[in-house]
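To keep things clear, I will list the structure first and then write my remarks on it.
Proteins get letters first, then strands, A, B, ... in listed order; numbering begins at 1 in each. Just so we're clear, the structure is a prediction, and the values are computed from it rather than from any experiment.
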Number of protein chains: 2
Amino acid sequence: MNPYQFKSQENLSLRQRVFADIRDAIVRGHLKPGDKLRELDISKQMNVSRGPLREALRDLEALGLVVSAPYRETAVADVRKEEVVGLLIPVRLQLELFVLKQTRGKWDEAFFAALEEIVAEMKRAAADNDLFALIEADIRFHEQVLSLDDSTHTQQIWLGIVNRLRLHFIKNTGAFGDLGRVPAEHAALLSALRDESDERIEALWTRHIRDEDCLLCFDEKTD
Amino acid sequence: MNPYQFKSQENLSLRQRVFADIRDAIVRGHLKPGDKLRELDISKQMNVSRGPLREALRDLEALGLVVSAPYRETAVADVRKEEVVGLLIPVRLQLELFVLKQTRGKWDEAFFAALEEIVAEMKRAAADNDLFALIEADIRFHEQVLSLDDSTHTQQIWLGIVNRLRLHFIKNTGAFGDLGRVPAEHAALLSALRDESDERIEALWTRHIRDEDCLLCFDEKTD
DNA sequence: CGATGATCGATTGTTGACAATCTACCAATT
DNA sequence: AATTGGTAGATTGTCAACAATCGATCATCG
């Protein structure tokens, strides 16, 4: 056998690359809610025919990042803060707690090391004041946890909310007062996973995810 | 103004009709998990070109009803009972409780009447021993509740799980011992919505949704 | 005999052209 | 002036042909 592990060569179809590009443009904020996505324009810009592009738009629609109606142009969707805070984040919390409970005892050193590495990335991003990288690392931290469970449904539900969370985070950029708090919080979570009891982990985890939206609600309350 | 309210004329694209047909074939059990969906076969059978069909397949994939990989044929997805019971149903419970809390006080007579009508349908279906109709009525009951909230996210998350619930229910058909229990349970829920306190409603609702999977786990434990 | 390479049929991926529909605008009618 | 009807341009919906890739099969070679 091969002693070196090659990364799986991801065979991305045109449709998937197009999808990723548009998604990134949306969650990075280059496309604002309500912006029209005209198929011909985009297909010309990307040098791609409309077939794969249309399929990519349908994928984005399924994730709630765009909205469309027959014969009307597709537009970037909006995400309202109350819905994210009241619904998406609770569902997400439920999802992560489910996986943590489900996989208790399966946490090995490789898992902890991966989280450690992500926390290090967070620190770098916070030091650089790179908000986007920070958010991506944050998401990757939680995805690493979710990946403990290989159930299709877990991934599917996560996919259904993660991009709207991205959109939400980016939209409420200004609220992140202290970027350094993010790596610190996640480091605390990691150390809890290593040493603390299940109940304590659950309590910490719940508070962490609640705090994340408090960070974001914050800007509404300041003078 | 017109005194008569016309139903909104639904303008369904070919893609949407194709989507609905395949979805029905899957949740009705005519297509079993693992069955291959060859684009050319289906497009010929439906007398439709592959473009809209492919988009419909991508929609089905987003809902977790089919799985596919590049250059490999799409196949009907399977749904494992543990995942439904452990994850989909808890998430669904959370979703419905959220909407109920959110819309408390907005429940009018028209809403109750709609639920009443659905319960009547359930009774008919149970009397006819028509399992499929019963399941559809059950789903419609809960969709009626969810429709109290007009948030996009609520619908989106529901869409992400409802078809897999359908698949699950159909798959575990044999478990439904007493069809009459279903309308009775929902009638109880309805009367609780009318008269009981919020706490009592929440408790009843939680028990109801838990019971639904108990009904389905049932077949594993008999004899 | 086992591993590698080539070939073929089947299936999906992609494209560009054509058809159907929508929106906006303006004229006709009352 | 308000409503209706019609037209034009833009945009999406649909199609059928072509290209790329996959899996199975068999030949080749060590």
Side-chain angles (χ1 to χ4, degrees), chain A residues 1-3 6 8-23 25-26 31-77, chain B residues 1-4 6-23 25-26 31-77:
Chain A
M1 259 303 166
N2 202 329
F6 286 102
S8 120
Q9 180 84 6
E10 35 197 340
N11 191 355
L12 290 179
S13 65
L14 194 47
R15 161 190 142 228
Q16 291 169 302
R17 295 201 302 270
V18 169
F19 165 83
D21 282 357
I22 300 180
R23 184 203 56 192
I26 293 176
L31 292 170
K32 298 266 184 247
D35 280 359
K36 306 290 187 224
L37 299 176
R38 267 177 291 274
E39 297 177 359
L40 207 56
D41 289 1
I42 299 177
S43 71
K44 271 199 290 232
Q45 286 177 33
M46 288 193 175
N47 198 30
V48 154
S49 84
R50 283 174 56 227
L53 169 63
R54 284 173 58 83
E55 295 183 19
L57 288 176
R58 297 294 83 80
D59 290 348
L60 290 164
E61 192 176 6
L63 297 186
L65 287 181
V66 307
V67 291
S68 78
Y71 290 107
R72 234 159 303 187
E73 47 211 348
T74 302
V76 177
Chain B
M1 256 303 166
N2 202 328
Y4 177 77
F6 287 101
K7 279 198 296 186
S8 119
Q9 181 85 2
E10 35 195 341
N11 193 352
L12 291 179
S13 65
L14 195 48
R15 160 191 141 227
Q16 291 168 301
R17 295 201 301 273
V18 168
F19 166 82
D21 282 357
I22 300 180
R23 183 203 58 191
I26 294 176
L31 292 171
K32 298 267 183 250
D35 282 359
K36 307 290 187 228
L37 299 176
R38 268 177 291 274
E39 296 177 1
L40 207 57
D41 289 1
I42 298 177
S43 72
K44 271 199 289 231
Q45 285 177 34
M46 287 193 177
N47 199 29
V48 153
S49 84
R50 283 174 55 226
L53 170 62
R54 283 172 59 83
E55 294 184 19
L57 288 176
R58 298 292 85 78
D59 290 347
L60 289 164
E61 192 176 6
L63 297 187
L65 287 182
V66 306
V67 292
S68 76
Y71 290 107
R72 236 161 306 197
E73 49 211 348
T74 302
V76 176

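Atom CG in A/N47 sits roughly 8 Å away from atom P in C/dG16 (whole-Å rounding). Atom CZ in A/R58 sits about 9 Å away from atom C1' in D/dT12, given to the nearest Å. Following rounding to the nearest Å, A/I42 (CD1) and D/dT11 (P) show an atom-to-atom distance of 12 Å. One can place CG of B/L40 at 17 Å from P of C/dT14, the figure rounded to the nearest angstrom. Between the CG atom of B/L14 and the P atom of D/dT12 there is a distance of 18 Å, given to the nearest Å. In this structure, the CD atom of B/E73 is 18 Å from the P atom of D/dT21, given to the nearest Å. Atom CD of B/Q16 and atom C1' of D/dT14 are 14 Å apart (whole Å). Rounding to whole angstrom units, CD of residue B/E39 and C1' of D/dC15 are separated by 14 Å.
Comparing D/dC15, D/dG13, C/dG13 against the side chain of B/Y71 picks out C/dG13 as the nearest. Closest to the side chain of B/P52, out of C/dT11, D/dT12, D/dC15, is D/dC15. Considering only side-chain atoms of A/S49, the nucleotide from D/dT12, C/dT15, D/dC15 that sits closest is C/dT15.
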### Full working for side-chain contact (heavy atoms from CB on, under 4.5 Å) between B/R58 and B/E61
CA-CA 5 Å; B/R58 298 292 85 78; B/E61 192 176 6; 3.0 Å; yes

### Query
Checking side-chain contact (heavy atoms from CB on, under 4.5 Å) for the pair A/L57/A/I22: CA distance, chi angles, key distance, verdict?
CA-CA 9 Å; A/L57 288 176; A/I22 300 180; 4.2 Å; yes

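The side chain of B/R72 places no N or O atom within less than 4.0 Å of a non-bridging phosphate oxygen (OP1 or OP2) of D/dC22. Considering only side-chain N and O atoms, A/R54 lies under 4.0 angstrom from the phosphate OP1 or OP2 of D/dG13.
Residue-level contact check: B/L53 touches neither bases nor backbone, having no heavy atom under 4.0 Å from any strand. Heavy atoms of B/R15 sit under 4.0 angstrom from primed sugar atoms or phosphate atoms, though from no base atom. At the heavy-atom level, B/G51 lies nowhere under 4.0 Å from the strands shown. Here A/L37 lies in heavy-atom contact (under 4.0 Å) with sugar-phosphate atoms only.
Judged by closest nucleotide on DNA chain C, B/R38 is the one of B/R38 and A/R17 placed further toward the 5' end.
Contacts classified as salt bridge (Lys or Arg N to Asp or Glu O under 4.0 Å) and involving residues 42-53 of chain A (residues at least two apart or in different chains) are given here: A/E39-A/R50.
Below the 3.5 angstrom threshold, one finds a donor paired with an acceptor across the side chain of A/R50 and the base of D/dG13.
Within the 3.5 Å criterion, the main-chain N or O of B/S13 finds a donor-acceptor partner in the side chain of B/Q16.
Using a cut-off of 4.0 Å between Lys/Arg side-chain N and Asp/Glu carboxylate O, B/D41 and B/K36 are scored as not salt-bridged.
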